[in-house]
Engineer: 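I have a structure I would like to understand better, so I am pasting it below and will then ask my questions one at a time.
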Amino acid sequence: MKALLLENIHDEAVRTLRSEGYQVERLSKALGEDELIEALDGVDLLGVRSRTNVTRRVVEARGDTLTAVGAFCIGTNQLDLGSLSEAGVAAFNAPYSNTRSVVELVLAEIIALARRLGDRNTQMHHGVWRKSASGSHEIRGRKLGIVGYGNIGSQLSVLAEAMGMRVWFYDVADKLPLGNARKCDSLEELLQTVETVSIHVDGRPENRGIIGAAEFETMRPRTLFLNLSRGGVVDVDALAENLRTGHIAGAAVDVFPTEPKSGDEPFISPLTQLDNVVLTPHVGGSTQEAQVDIGRYVANKLIDYAENASTSMSVNLPDIAPATTRGTRIGHLHHNVPGVMATLNRLIADYGGNVTYQALATRDDLGYAVLDIAETDRGLLAEVADLDATIRARVL
């Protein structure tokens, strides 16, 4: 089987795949639609990061031969999950592997903003020695508001509290607070309460633009603001205006609505003209430790699906972590309609097959079954693939 890895995915992914006998091609750049369709000729497993978009057109062109796609990052906005599901292509990501890296950067930037280290650094590089405590503060005792209390937000809560900060959080889901963190009933309540706001929401459509002019106005004067989640959740023009007026004392931004596809393209943003903002090029999870973990984790997910039919932690297919293969294994993705399993078992019985293992899971309109059969006939496998409810049947 052949794997194509794009966007300079870490060597650990290459090593993991090759150790299991996969042929691996790795490119350092992202690919556009036409380039990707051409590159996927004969490819079973695809690995991308955030800049390569696996669109419906790509899936319609190559979904019949593509087995699985791995997003070697947290977000999956670049994947058309609906069309991948329709084609029976499994998709995986790395939801936890870079959590610590992002949290450490958030804490570092909160300290940098509170101590005005960006200003001090710029002055020193221009030969200006300005030793002063003016405008410089400890973060101990400061009120931190976390918008989004998932993996990153909750770990930030624990570490920030350990450093002496007082923590409030808001999440649309009902989340239990960790440590002494306090839950807010609304975003407005949080913004009116805290002195530092850090955004950690996902890229779902309803999160787009959740922080705009009205939300900045709601924040307390001289608030510090950080966004290391998704570029589209914040109105950057409104942020820039509030930084100019001083209502927002400082900001740290790692993600942007429009980002260059490569280092050869210029970065353009209204924030580049402002001194009281720390800008980083989407490197929240870009540590060597995180990239090693992501490379290993996602590569192993792709292998486990290809070799064992496991959809454990898939972002688009029903979740099954099957037992060790005994005999011939069938992975059967189907429309979630009544009678599919009865039809499958009847077919197997008609062919004299003996099922030694069977598991079923459903997810919305999809059903996924894994069956191990001691004795099989190719006619059986052809009939399974031809069932009306079948989306995709794989034989391992």
Side-chain angles (χ1 to χ4, degrees), residues 102 105-139 142-148 156 160 165 168 170 184 186-201 203 207-260 265-284:
V102 176
L105 182 58
V106 172
L107 289 171
E109 292 186 332
I110 291 174
I111 294 171
L113 291 170
R115 297 293 297 272
R116 301 187 64 178
L117 298 184
D119 294 343
R120 299 292 182 264
N121 178 64
T122 300
Q123 291 160 4
M124 291 289 285
H125 277 280
H126 286 87
V128 178
W129 181 275
R130 187 165 294 162
K131 184 178 180 182
S132 171
S134 177
S136 182
H137 301 277
E138 293 181 351
I139 67 168
R142 194 176 187 95
K143 296 177 181 178
L144 170 64
I146 300 172
V147 182
L156 172 61
M165 300 189 81
W168 281 256
Y170 170 71
C184 293
S186 67
L187 178 59
E188 182 180 19
E189 178 189 350
L190 180 138
L191 299 180
Q192 291 174 341
T193 302
V194 301
E195 302 154 325
T196 299
V197 176
S198 192
I199 310 298
H200 299 286
V201 299
N207 284 334
R208 188 165 189 85
I210 61 169
I211 304 294
E215 287 71 30
F216 285 118
E217 184 177 354
T218 302
M219 295 178 195
R220 296 171 60 172
R222 305 301 294 167
T223 289
L224 299 178
F225 178 81
L226 300 94
N227 181 24
L228 287 85
S229 60
R230 299 290 187 274
V233 305
V234 176
D235 183 335
V236 175
D237 291 323
L239 172 58
E241 179 59 28
N242 278 272
L243 286 163
R244 289 190 195 99
T245 64
H247 180 66
I248 300 299
V253 184
D254 185 54
V255 289
F256 306 88
T258 302
E259 298 180 355
E265 296 183 17
F267 169 65
I268 301 172
S269 171
L271 300 175
T272 59
Q273 306 301 315
L274 302 169
D275 294 330
N276 52 338
V277 58
V278 176
L279 301 175
T280 49
H282 205 147
V283 294

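All values below were derived from every heavy atom in this structure, side-chain atoms included, with hydrogens, water molecules and symmetry-related copies excluded. These figures come from a predicted structure and were not determined experimentally.
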Engineer: Side-chain contact, heavy-atom cut-off 4.5 Å: T223 with V194?
Structural biologist: no

Engineer: So, taking the atom named CG in L144 and the one named OG1 in T193, what distance separates them when rounded to the nearest 0.5 Å?
Structural biologist: 12.0 Å

Engineer: Are the side chains of M165 and I110 in touch, meaning some heavy atoms are under 4.5 Å apart?
Structural biologist: yes

Engineer: For the OG atom of S186 and the CD atom of Q192, what is their distance to the nearest 0.5 Å?
Structural biologist: 7.5 Å

Engineer: Measuring from L228:CG to T280:OG1, what's the distance to the nearest 0.5 Å?
Structural biologist: 6.0 Å

Engineer: Working to the nearest 0.5 Å, report the span between CD1 of I111 and CD of E138.
Structural biologist: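 Nearest 0.5 Å value for the CD1-CD distance: 10.5 Å.
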
Engineer: Would the distance check show the side chain of S269 and the main-chain N or O of T272 forming a donor-acceptor pair, the cut-off being under 3.5 Å?
Structural biologist: no

Engineer: Mind listing the closest non-hydrogen atom pair of A249 and L224 along with its distance?
Structural biologist: CB-CD2, 4.1 Å

Engineer: Does any part of the side chain of L243, heavy atoms only, come nearer than 4.5 Å to the side chain of F216, both counted from C-beta?
Structural biologist: no

Engineer: Quick check on side-chain contact (heavy atoms from CB on, under 4.5 Å): which of D235, V236, L187, T218 does I211 satisfy it with?
Structural biologist: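 Among D235, V236, L187, T218, the one that satisfies the side-chain contact (heavy atoms from CB on, under 4.5 Å) with I211 is L187.
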
Engineer: Between the side chain of N242 and the main-chain N/O of A238, is any donor-acceptor distance below 3.5 Å?
Structural biologist: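 Flag set: sc N242 to bb A238 pair under 3.5 Å.
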
Engineer: Within a reach of under 6.0 Å around CD of E217, are more than 12 heavy atoms found that belong to other residues, nucleotides or ligands?
Structural biologist: no

Engineer: Output yes when a side-chain donor or acceptor of E195 lies under 3.5 Å from a complementary backbone atom of K143, and no otherwise.
Structural biologist: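 It does hold such a pair.
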
Engineer: How many angstroms lie between atom OG1 of T196 and atom CD of E109, to the nearest 0.5 angstrom?
Structural biologist: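 The CD atom of E109 is 12.5 Å from OG1 of T196, to the nearest 0.5 Å.
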
Engineer: Check step by step if side-chain contact (heavy atoms from CB on, under 4.5 Å) holds for Y170 and E189.
Structural biologist: CA-CA 9 Å; Y170 170 71; E189 178 189 350; over 6 Å; no

Engineer: Would you check if the side chain of D254 reaches a backbone N or O of V283 as a donor-acceptor pair within less than 3.5 Å?
Structural biologist: yes

Engineer: Report yes or no: does H200 contribute a side-chain atom to a donor-acceptor pair with the main-chain N or O of I146 at less than 3.5 Å?
Structural biologist: no

Engineer: Counting C-beta onward and ignoring hydrogens, is there a side-chain heavy-atom pair between I199 and V233 closer than 4.5 Å?
Structural biologist: yes

Engineer: With a 3.5 Å distance limit and no angle check, can you tell me whether R222 reaches the backbone of G246 through a side-chain donor-acceptor pair?
Structural biologist: yes

Engineer: Quick one, V253 with L239, criterion side-chain contact (heavy atoms from CB on, under 4.5 Å). Give me CA distance, side-chain angles, the key distance, then yes/no.
Structural biologist: CA-CA 10 Å; V253 184; L239 172 58; 3.9 Å; yes

Engineer: Counting only heavy atoms not in R115 (residues, nucleotides, ligands), do more than 12 fall under 6.0 Å from its CZ?
Structural biologist: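 No, CZ of R115 has 12 or fewer neighbouring heavy atoms, counting only those of other groups under 6.0 Å.
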
Engineer: Taking side chain as C-beta onward, heavy atoms only, is R244 less than 4.5 Å from L274?
Structural biologist: yes

Engineer: Could you check whether any side-chain N or O of H247 sits under 3.5 Å from a backbone N or O of M219, counting only pairs where one atom can act as donor and the other as acceptor?
Structural biologist: yes

Engineer: Taking the side chain from N121 and the backbone from M124, do they hold a donor-acceptor pair closer than 3.5 Å?
Structural biologist: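 Pair absent, no side-chain N/O of N121 close to backbone of M124.
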
Engineer: Hey, what do you get for OG1 (T122) to NE2 (H125), rounding to the nearest 0.5 Å?
Structural biologist: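 Taking OG1 in T122 and NE2 in H125, the distance rounds to 7.5 Å.
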
Engineer: Locate the shortest heavy-atom distance separating I139 from A114; write the atom from each residue and the value.
Structural biologist: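 It is CG2-CB, 3.9 Å.
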
